[in-house]
Amino acid sequence: MASQPFTLKWGIMATGGIAQTFTKDLLANPASRDVHDVAHKVVAVASSSSKESATSFLEKVKAPEGVKAYGSYAELVNDPDVEIVYVATPHSHHFQNTMLALEAGKHVLCEKAFTVNASQARKLVETARAKNLFLMEAVWTRYFPLSIKVRELVQSGVIGKVHRVIADNSFDCQGPDGTYQFSDEHRMVNPALAGGALLDLGVYSLTWLFQILYHLQPEAEKEAPRTLAAINKYATGADELTSVILQFPKHNAMGIALTSLRIATNTDGHNSGGPAIKIQGTKGEIHVMGPAFSPLQYRIVRKDGGGKVEVVDCPIPKDPERDWGHGMFWEADECARCLRDGKKESDTLPLSESIAIMEVMEEALKQGDVKYPDVITTDVYDPKSPLNTGAKY
Ligand SMILES: NC(=O)C1=CN([C@@H]2O[C@H](COP(=O)(O)OP(=O)(O)OC[C@H]3O[C@@H](n4cnc5c(N)ncnc54)[C@H](OP(=O)(O)O)[C@@H]3O)[C@@H](O)[C@H]2O)C=CC1
Ligand SMILES: O=C1OC[C@@H](O)[C@H](O)[C@H]1O
């Protein structure tokens with residue numbers, strides 16, 4: 001007889017778009033993605049706006065009976081049934097919200113971008129380690145079977161030594177008059193919510209650079225990159241057209257990360273313009289078709305392939321009962337496996353790597369003179385911060 005799966009009990013912090021998407025993935029049957037060793041239970045959700053928002057969230061995601069709805073983040077982190085908190089607030093809030101959960105003794109999966117700057121990231125990691133708690137940045141793309149396969153292919157030498165990775169994750173968000181489809185208050189462009197292309201979208205371009213050029217470096221030869229950035233800013237002061245070059249001189253490798261809110265990676269949204277990611281080695285290339293955050297196909301182009309391209313599709317499985325499957329469940333499965341195995345961080349995205357990525361983004365934003373308000377950049381934890389209580393700031 002098969003043994004029972006290890007079941008992880010989740011608390012959801014915030015009720016916005018991605019909280020709904022992720023929670024629906026948690027509620028999908030793991031068997032529909034051929035996972036049988038771990039499972040997930042949603043035990044509570046909290047809204048900083050009102051208990052009603054949390055209740056309406058549970059209706060929207062078609063949660064089963066018995067899931068608790070809270071009107072504050074403090075109640076959620078103090079619920080003894082919650083084992084791990086999924087932090088699904090804007091970037092501005094990640095540091096204070098994750099600290100709130102860690103201080104209450106909860107494990108945390110925190111949405112990308114991990115924090116607003118590197119010192120906040122270091123503080124989170126120090127706190128999680130001091131308290132012996134699990135912590136992971138929710139970069140779901142890393143846990144896609146496609147990403148795992150591409151990393152394996154690169155490591156096995158199929159395309160030889162990789163010298164360059166070019167990755168783009170850009171959206172065309174502008175209306176006919178050049179302003180954006182969303183207001184200046186929206187989290188995408190509002191500096192008070194750490195808005196901007198780099199922290200929201202560019203983090204995925206950097207994910208591809210890092211998971212190939214940095215993650216696969218042997219531990220003894222780890223080399224942090226030099227960062228060179230160019231940034232054009234929107235009227236609000238947030239970055240809107242951002243390019244970052246990462247140089248790894250010891251490994252003779254270079255990465256180019258592109259992101260923008262003005263111009264899309266592919267103008268027709270169908271990859272007609274080519275891949276979003278190109279991984280270029282001495283024996284060939286791997287092309288990953290966009291979007292960079294949720295890719296469904298890669299192609300291997302061999303130098304001696306005579307023009308033939310190997311095309312591999314990696315669809316995201318759906319739970320037929322719920323007619324749902326978005327691909328965020330793989331990162332949730334990673335959290336469950338780590339906790340089952342007593343691990344406090346994921347090997348696929350170690351905390352040191354989340355810090356290294358935040359160091360790059362902080363440096364790039366500094367070079368582009370992008371500034372955020374003190375209330376969201378501080379690395380001093382305050383349980384009563386408006387970012388934790390939902391008060392205006
Ligand atoms: N992995 C992925 O594919 C995606 C990840 N993300 C990431 O998820 C996070 C949230 O994004 P998304 O869900 O799109 O954002 P939304 O604006 O849809 O939701 C954010 C939620 O955060 C809470 N919140 C608390 N304080 C504030 C505030 N001052 N302003 C706005 N919201 C606040 C609100 O919930 P409440 O009122 O209930 O407290 C709100 O609903 C970001 O870090 C983003 O980068 C976003 C989209 C996709
Ligand atoms: O993480 C993300 O991926 C998908 C995008 O639509 C979204 O803006 C971003 O936050």
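A quick note: this is a predicted structure, and the numbers were derived from the prediction, not measured. The figures that follow rest on heavy atoms only: side chains count, while hydrogens, waters and symmetry mates do not. Counting convention: from 1, in listed order, for ligands and their atoms alike.
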Per-atom contacts, ligand 1 versus [X] - under 4.0 Å to a heavy atom:
X: D200; result: 44 (C), 45 (O)
X: L193; result: 28 (C), 29 (N), 30 (N)
X: H94; result: 43 (O)
X: T89; result: 9 (C), 10 (C), 22 (O), 42 (C), 43 (O)
X: S49; result: 36 (P), 37 (O)

Measure the distance from [atom] to every protein heavy atom, then report the residue, atom name and distance (to 0.1 Å) of the closest one.
atom: atom 13 (O) of ligand 1; answer: I18 N, 2.9 Å
atom: atom 46 (C) of ligand 1; answer: R187 NH2, 3.3 Å
atom: atom 25 (C) of ligand 1; answer: Y73 OH, 3.4 Å
atom: atom 38 (O) of ligand 1; answer: T15 OG1, 2.5 Å
atom: atom 19 (O) of ligand 1; answer: G16 CA, 3.3 Å

Where does [X] meet ligand 1, judged by heavy-atom distances below 4.0 Å: at the side chain, the backbone, both, or neither?
X: F22; value: neither
X: S53; value: neither
X: Y86; value: neither
X: S92; value: neither

Does [X] come within less than 4.0 Å of ligand 1, judged by its heavy atoms?
X: F182; result: no
X: F57; result: no
X: M328; result: yes
X: P90; result: yes
X: F293; result: no
X: G390; result: no

Report yes or no: do [X] and [Y] form a side-chain donor-acceptor pair below 3.5 Å?
X: H93; Y: N388; answer: no
X: T265; Y: D168; answer: yes
X: D379; Y: Q120; answer: no
X: D79; Y: Y70; answer: yes
X: S50; Y: S47; answer: no
X: T227; Y: E363; answer: no
X: T389; Y: Y73; answer: no
X: E75; Y: S72; answer: yes
X: Q211; Y: R151; answer: yes
X: H215; Y: Q217; answer: no

K283/D304 salt bridge by N-O under 4.0 Å criterion:
no

Less than 4.0 Å is my threshold; does some heavy atom of K112 fall inside it relative to ligand 2?
yes

At their closest point, which heavy atom of Y86 faces which heavy atom of A19, and how far apart are they?
CE2-CA, 4.0 Å

Test: R262 cationic atom under 6.0 Å from Y180 six-membered ring centre, within 45° of axis:
yes

Under a 4.0 angstrom heavy-atom cut-off, which atoms of ligand 2 come close to [X]?
X: F171; answer: 5 (C), 6 (O)
X: R187; answer: 8 (O), 10 (O)
X: D200; answer: 7 (C), 8 (O), 9 (C), 10 (O)

Answer with yes or no after comparing the ring centroid distance for F95 and Y381 against a 6.0 Å cut-off, counting only values under it.
no

Only heavy atoms count here, so choose which of H326, K112, H93, M13 is nearest to atom 6 (N) of ligand 1.
K112

